[in-house]
Amino acid sequence: MLKNLKKSLAFFLGLIVFAGTAIPGFAADGGAGMVWIRSPYKGHDDYYIPFPSLQLETKYFFIKELKLGFYLYRDDAEEHELTLGITPGFTVFDPDKTSDFKLSFLDKRKMAADVYLQYIRRFRYGTVGAKLYMDVLGNADGFGADVFYKLPVFINEFTITPGIGLSYLSGDRTDYYYGISTAEAVRSGLPYYHADFSISPYVSLEASYLTENGWNIFANAQYTFLSNEITDSPMIQDEHGLILSIGAMVNF
């Protein structure tokens, strides 16, 4: 796995160098980062995922860290923006990575690769947005939707962006990650649980620092207050979800 990650990082960094030298007026940043995901499942290990940290943008497409997509519409003032892209979902359950005996008999819940449609409206006092997404791999049925507000604050070389939002998961998707089927209940001794749609509010904080030699150091966090539809599941031990990411990039 580590070998594949190194190959992927080398490939994407090579792509950035090529684009930066072969396309006139093209600018890009490249580096590396790490995502830490605190699992809400009982006795489940947390996840640490290294990734190539990229910022690559043209008039029509972009790569922004773990997002890849296309601009369907963007006005000259960049106040309105409509994008179509793909990004990983970070919910995952592996029965081999839990110390809870009963949960070890459950089926694996795989990570999604979400295709999304997102609209952003930028105002003087912040940004509002809405996103609709679904798993292109077919691991998680159903769909999800987010609405959010962010307010960037600029302090010299620092940029701090607090935000708030609501995350909606359809019944199928909520049940895939947090429900317990009849067969799983028989195997594990846990009660059958069917999850309906869920709505979870969250707060976020993004921070970045631009050094004198051109490095951009960033850290992002999202703290989610999980819906009762999720926390009522016999699989869940926490009422909150937390994702942290850190990294650094330099301009090519």
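For reference, positions follow the sequence shown, starting with 1.
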Within 6.0 angstrom of [X] [atom1], more than 12 heavy atoms from elsewhere:
X	atom1	answer
Met134	CE	no
Phe70	CZ	no
Lys64	NZ	yes

Sequence neighbours left out, what passes side chain to side chain donor-acceptor pair (under 3.5 Å) with [X]? Give chain and number order.
X	value
Tyr223	His240
Thr174	Ser198
Gln118	none

Separation between OG1 of Thr161 and CZ of Phe154, rounded to the nearest 0.5 Å | 6.5 Å
If we only count heavy atoms from C-beta on, is the Lys108 to Asp96 side-chain gap below 4.5 Å?
-> no
Assess the side chains of Thr211 and Asn213: does a donor N or O sit below 3.5 Å from an acceptor N or O?
-> yes
State whether a side-chain donor-acceptor pair under 3.5 Å links Tyr178 with Glu229.
-> no
Indicate, with yes or no, if the rings of Phe62 and Tyr71 have centres closer together than 6.0 Å.
-> yes
Does the ring center of His80 lie less than 6.0 Å from the ring center of Tyr73?
-> no
Mind jotting down which residue pairs meet the salt bridge (charged side-chain N to carboxylate O under 4.0 Å, His left out) criterion with at least one end in residues 146-172? Sequence neighbours excluded, please.
-> Lys150-Glu206
Does the side chain to side chain contact (heavy atoms under 4.5 Å, CB included) test come out yes or no for Tyr47 and Asp94, once each step is laid out?
-> CA-CA 11 Å; Tyr47 279 91; Asp94 188 340; 3.6 Å; yes
Taking only Lys NZ, Arg NE, NH1 and NH2, and the carboxylate oxygens of Asp or Glu, determine whether Lys131 and Asp114 approach each other closer than 4.0 Å.
-> no
Which residues pass the salt bridge (charged side-chain N to carboxylate O under 4.0 Å, His left out) test with Lys42, sequence neighbours left out?
-> none
Who are the salt bridge (charged side-chain N to carboxylate O under 4.0 Å, His left out) partners of Asp107, not counting sequence neighbours?
-> Arg187
Cationic tip of Arg121 within the cone over Phe123's six-membered ring, i.e. under 6.0 Å and within 45° of the normal?
-> yes
Under 30°, 30 to 60°, or over 60°: which ring-plane class applies to Phe105 and Phe101, parallel, tilted or perpendicular?
-> perpendicular
